[in-house]
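The structure under discussion appears below in the form of structure tokens.
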Amino acid sequence: MRTTRTFRTALLTAAVAGLAATALPAAPAAAAPVAPKFLSAGQWPASLTPWTAGPVHKGLPEDGSVCSAGTIPAKGTRHRDFRTELDTGARQTIIVAPTAAKAKALAAELRTALATCLDRLKEREPGLEGVSRYHGRVNVEEGAHVYSIDTSYPEVGSTDIGLHSVGRDGRTVTVLEWGQLGDLDGAPLKGFRRTTGTAVAKLH
């Protein structure tokens, strides 16, 4: 997560009378910052139908993100949605913080938001049941952490499983969300961990 520097031409005045002043050549300007890279459709865990990647959008998604809403700032944020032809969807959000210290703090806040997400959902939606689990760290760059949220509405018999992760590389933080109908037994947890590692490593 680079300021373009402009170097002034330095002029050297000759010490000996009669010599013309000489100018040092200007150093080239620093390259413009490169935006962090998003996952491609084929880098998500395999599904029964192929993944399709949507465009990259600036700011927060209009429909919000269930667990991270209110935690991610709009400034410095971009997101990309992915879908399959079946009931499976995903989203990647990338946030470039002003400093690495602020990115570290944001990643910690997001971990808390993921860990407490189910409790907040139950408060808002009476009748919702579920289990939230932490699935450990992925050792990539400054680290990433994986969570699952398994929810159901017993009255109507519906079940949903969501896989979530947050990772950081320097002052860049990324959040992954994956969801489908079903439960954790049918979710590609190992594949999602690989995708998380790929996402963080690919940022820069």
Side-chain angles (χ1 to χ4, degrees), residues 1-2 31 33-61 65-68 71-73 76-97 100 102-115 117 132-150 160-180 182-204:
M1 1 212 159
R2 316 183 179 110
V34 177
K37 297 180 179 65
F38 281 81
L39 290 167
S40 65
Q43 291 174 316
W44 287 92
S47 182
L48 294 177
T49 59
W51 285 95
T52 299
V56 174
H57 296 284
K58 291 184 179 181
L60 298 171
S65 291
V66 174
C67 293
S68 60
T71 304
I72 298 176
T77 296
R78 297 183 301 150
H79 67 278
R80 187 180 201 183
D81 288 340
F82 302 81
R83 64 178 180 82
T84 70
E85 295 178 6
L86 299 178
D87 295 315
T88 306
R91 172 178 291 159
Q92 181 180 13
T93 303
I94 295 177
I95 312 100
V96 180
K102 290 186 177 181
K104 182 179 180 180
L106 175 61
E109 290 176 11
L110 285 165
R111 287 192 62 192
T112 298
L114 294 179
C117 183
S132 177
R133 295 184 177 91
Y134 172 58
H135 296 281
R137 175 187 171 97
V138 177
N139 293 319
V140 57
E141 300 301 340
E142 275 70 59
H145 301 269
V146 178
Y147 301 80
S148 68
I149 301 175
D150 203 338
D160 296 276
I161 178 63
L163 301 178
H164 305 259
S165 63
V166 55
R168 182 173 70 91
D169 180 2
R171 64 189 187 98
T172 303
V173 177
T174 189
V175 179
L176 302 186
E177 304 165 79
W178 175 99
Q180 71 175 21
D183 52 31
L184 184 58
D185 290 341
L189 182 58
K190 290 183 179 180
F192 185 76
R193 286 181 60 87
R194 287 194 297 270
T195 296
T196 295
T198 299
V200 176
K202 189 177 182 179
L203 291 172
H204 298 289

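One finds the CZ atom of R133 at 6.5 Å from the CG atom of D150 (value rounded to the nearest 0.5 Å). In this structure, the separation between NE2 on H79 and CD1 on I94 is 11.5 Å, given to the nearest 0.5 Å. Rounding to the nearest 0.5 Å gives a distance of 10.0 Å between CZ of R194 and CG of L189. Going from atom OG of S165 over to atom CZ of F192 covers 3.5 Å, rounded to the nearest 0.5 Å. Between L114 atom CG and T71 atom OG1 the span is 8.5 Å, to the nearest 0.5 Å. Of the inter-residue distances, the one linking C67 atom SG with E177 atom CD reads 7.0 Å to the nearest 0.5 angstrom.
The two residues A35 and R78 make their nearest non-hydrogen contact at CB-NH2, 3.6 Å. Of all heavy-atom pairs spanning V200 and G167, the tightest one is CG2-CA, 3.9 Å. The two residues V140 and G197 come nearest to each other via the heavy atoms CG2-O, 3.6 Å. Considering every non-hydrogen atom in both A103 and V173, the closest pair reads O-CG2, 3.4 Å. Taking all atoms of both residues into account, the shortest heavy-atom contact from L163 to S148 is CD2-CB, 3.7 Å. Among all heavy-atom pairs drawn from A187 and I161, the shortest one is CB-CG1, 4.0 Å.
H135 is linked by a ring-ring contact (aromatic ring centres under 6.0 Å, His included) to nothing, counting only residues two or more places apart in sequence or in another chain. Contacts of D81 classified as side-chain hydrogen bond (donor to acceptor under 3.5 Å, both in side chains), with partners at least two apart in sequence or in another chain: R91. Remark: R137 engages Y134, N139, H145 in a side-chain contact (heavy atoms from CB on, under 4.5 Å) (not counting sequence neighbours). Every residue meeting the side-chain contact (heavy atoms from CB on, under 4.5 Å) condition with L60, not counting sequence neighbours, appears here in chain and number order: I72, A74, T77. By the side-chain hydrogen bond (donor to acceptor under 3.5 Å, both in side chains) test, Q43 is found to be paired with S40, K202, residues two or more places apart in sequence or in another chain being considered. Residues forming a side-chain hydrogen bond (donor to acceptor under 3.5 Å, both in side chains) with T195 (at least two apart in sequence, or on another chain): none.
Annotation: R111, atom CZ; neighbour count of heavy atoms from other residues, nucleotides and ligands within 6.0 Å is above 12. For R83, the CZ atom counts as loosely surrounded, since its 6.0 Å shell holds 12 or fewer non-hydrogen atoms of other residues, nucleotides or ligands.
In terms of modelled atom types and a separation under 3.5 Å, the side chain of S65 and the main chain of P61 share no donor-acceptor contact. Proximity of a side-chain donor or acceptor of T174 to a complementary backbone N or O of T93 within less than 3.5 Å is detected. In this structure a side-chain-to-backbone donor-acceptor pair under 3.5 Å is missing from Q92 to R80. Between the side chain of T49 and the main chain of E85, a donor-acceptor pair closer than 3.5 Å is present.
Within the 4.5 Å cutoff, the side chain of L39 has heavy atoms near those of the T198 side chain. In this structure the side chain of K104 reaches within 4.5 angstrom of the side chain of R168, judged on heavy atoms.
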Derivation of the side-chain contact (heavy atoms from CB on, under 4.5 Å) call for L203 and K37 | CA-CA 5 Å; L203 291 172; K37 297 180 179 65; over 6 Å; no
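The aromatic rings of F82 and W51 stand perpendicular to each other, their planes meeting at an angle above 60°, with 30° marking the opposite boundary.
Judged by distance alone, the side chains of Q180 and T88 do bring a donor and an acceptor atom under 3.5 Å apart.
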